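Notes follow once the structure below has been shown.
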2 protein chains.
Amino acid sequence: MPTASQALNGRARISDQTRKRVARVARRLRYAPHAAARRLILGRSNSAAMVPGSNMTGMFSDLFYRAVLAGVGGVFEEAGYRMLITPPLRSASQPPQFVEMASAREIDGVLVAGAVDGRWVKQTMDTGMPVVLLDNHLPGKPVPAVVNDNTGGAYSGTRHLAELGHTRIGFMGAAVDYPFGRETHDGYRRALTDAGLPVDPALEIIIPIDAERAREGAGALLSLADPPSAIFAVTDMLALGVTTAARERGLAIPADLSVVGMDDIDLAAVTNPPLTTVRIAKEAMGRRAARMLLDLIHGDDVDPRLVILPTELVVRGTTGGHR
Amino acid sequence: MPTASQALNGRARISDQTRKRVARVARRLRYAPHAAARRLILGRSNSAAMVPGSNMTGMFSDLFYRAVLAGVGGVFEEAGYRMLITPPLRSASQPPQFVEMASAREIDGVLVAGAVDGRWVKQTMDTGMPVVLLDNHLPGKPVPAVVNDNTGGAYSGTRHLAELGHTRIGFMGAAVDYPFGRETHDGYRRALTDAGLPVDPALEIIIPIDAERAREGAGALLSLADPPSAIFAVTDMLALGVTTAARERGLAIPADLSVVGMDDIDLAAVTNPPLTTVRIAKEAMGRRAARMLLDLIHGDDVDPRLVILPTELVVRGTTGGHR
DNA sequence: CGGCAGTGTCAAATCGATTTGACATCCGCT
DNA sequence: AGCGGATGTCAAATCGATTTGACACTGCCG
């Protein structure tokens, strides 16, 4: 079948006419080349693994990761690459599935979204397999990564509240084991300091990202003797938990309490009132990371090993001036 | 390397001592067999595709999907199988990724969860690739499938309300393009008829599964001149939308309105009040479907092509007697 | 007529792991 | 000594697609 192969793959010495004839026959016979055989001789599989980090509750649950996934998928599809999503991480001591797939050379590259044990990343990279981190980075390690400007985002959200005249601004942070948690906290505190406001640890609550916990946490903040008049939450889901808790206490938004989220999930624009939030360029993040991985697979050097994407403040209906 | 292969794969004529020695060396060299080469000679890849149907991509089916995934993953892992999740369906006219993977023999079987175009299923099965549907079935077609007893579940949820003395029982159905929608509707109507209650189309609302629509829909039902005193919703998320809408109108639950959901997501037990619901055996569904697929892959005949799993009514705090 | 470009056929090598059958040792037992 | 069982070595075939180089054929041009 050398002729057939050359015709289908656009190689040498085959006229257009023959090429088309072969293609027609192949279609009629429903012929599809055997992926493993191709992989073996060509040395590449044209597929990459997308790994949901341990902070992802589920690949599709998270509106955040769905948007990222769309960006990644678009670039891969355009490049003729296949994206395989691995299941959520298994028992901690065993290597996650992507490590096995990488060492068996089933894939050409790995894209890890979110929290991951650096040990597995290192082991995979040591075998020469390209890895790109997404929404996560290993500080001090030369692992290519694409992240959001979490510090800057938290800064601009908090500053917005300060500029509206609020002086007691609460913080709802996320307890996660990757840099996002610390970075947002930094941004919040820095904005307070720059605005000449004191940092009050009593106004800071750090919880796992979870619907119930968010409402409880917000309730605790609002029950303080001297409660905040505004709250910056590090994700939109947390911010929505805050608005729910406020409504349960009879507080009007934004009259009694201003709220800023971060993310700009689809839902944010249609809540009542629509949520003021710091938009994360989710699709761009996915696209950028996917392109970086493809470059690495093709052997190109990627220039900045760490890409930080800027955020954008989107002022909607949940923020107002301090009385 | 015949000896090495025989040692690692537990084949003939190799003493335990040599076996161990080979294993040690292999580990030190970080040797892992090339998946494609193995696939080629062995004729199987020990991996299967898990396909999220077009209804599984949304956030609300997600808690459901996660539980199913856990069941599937457990069985696969135990069997030494790898599960690859394909990304959400791409543009409608192109074949979804699992079809390509199947025709290139990258996988040994396909598990489709939820709504899927029957055309692709047929095309895949025609090539001899085992396919099992999960939470979906193609009526009249001999495609192996594992489903919930949706009719029975809706029946028991509705009957529970009738037994509590409710006579005007609303229905909140899902507008989806697979049997779930029709089956739950049937179960609801049948329960009414069996209880000697009239069917009133004005009490039936059928909407896409979506947070906003659920609240609006419930609002419409509760605004009727002669509103229902109880509502059966076909998913827990819809039921929670109902309770939210009721609370917004100052109705107490269950005093003024009884609500029953279906699913029993984790959240259902911790809401206030905890949700009465019809439990779907989600993990069992995943396990059963995974086992069926493995049987088909191993060439065994599966006996009932359609497995229907029973539901269980879980009475919690959102249902009470009719005044 | 000789040569050459354009096109197609064909056999052989290649990718990496596994399986098989032939052959070689070594050991213990009769 | 001779035999059989246990164990290990080795060369060769296999899986399916691709690539390469040798060769053949046609038709056109100088």
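Keep in mind that this is a model prediction, so the values were computed, not measured. Below, read A as the first sequence line, B as the second, and so on, with proteins coming before strands; counting in each chain starts at 1.
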Answer with yes or no whether the side chains of S45(B) and D108(B) bring together a donor and an acceptor at under 3.5 Å. yes

Please write out the pairs of protein N or O atoms and N or O atoms of nucleotides 14-16 of chain C separated by less than 3.5 Å, giving the distance to one decimal.
residue	atom	partner	partner atom	Å
dG16(C)	N2	A37(B)	O	3.3

Please report the C-alpha distance between K282(B) and D264(B) in whole Å, then the side-chain angles of each, then the deciding distance to 0.1 Å, and finally whether the salt bridge (charged side-chain N to carboxylate O under 4.0 Å, His left out) criterion is met. CA-CA 9 Å; K282(B) 300 178 279 293; D264(B) 196 24; 5.5 Å; no

d(CG, N46(B); C1', dA17(C)) in whole Å: 14 Å

Side chain to side chain contact (heavy atoms under 4.5 Å, CB included) involving V143(B) - partner list, sequence neighbours excluded: V121(B), M125(B), L133(B), L138(B), K141(B)

In plain terms, say whether D126(A) and K122(A) are close enough for a salt bridge, that is, a side-chain N and a carboxylate O under 4.0 Å apart. yes

Taking atom CZ of F98(B) and atom CE of M101(B), what is their separation to the nearest 0.5 Å? 11.0 Å

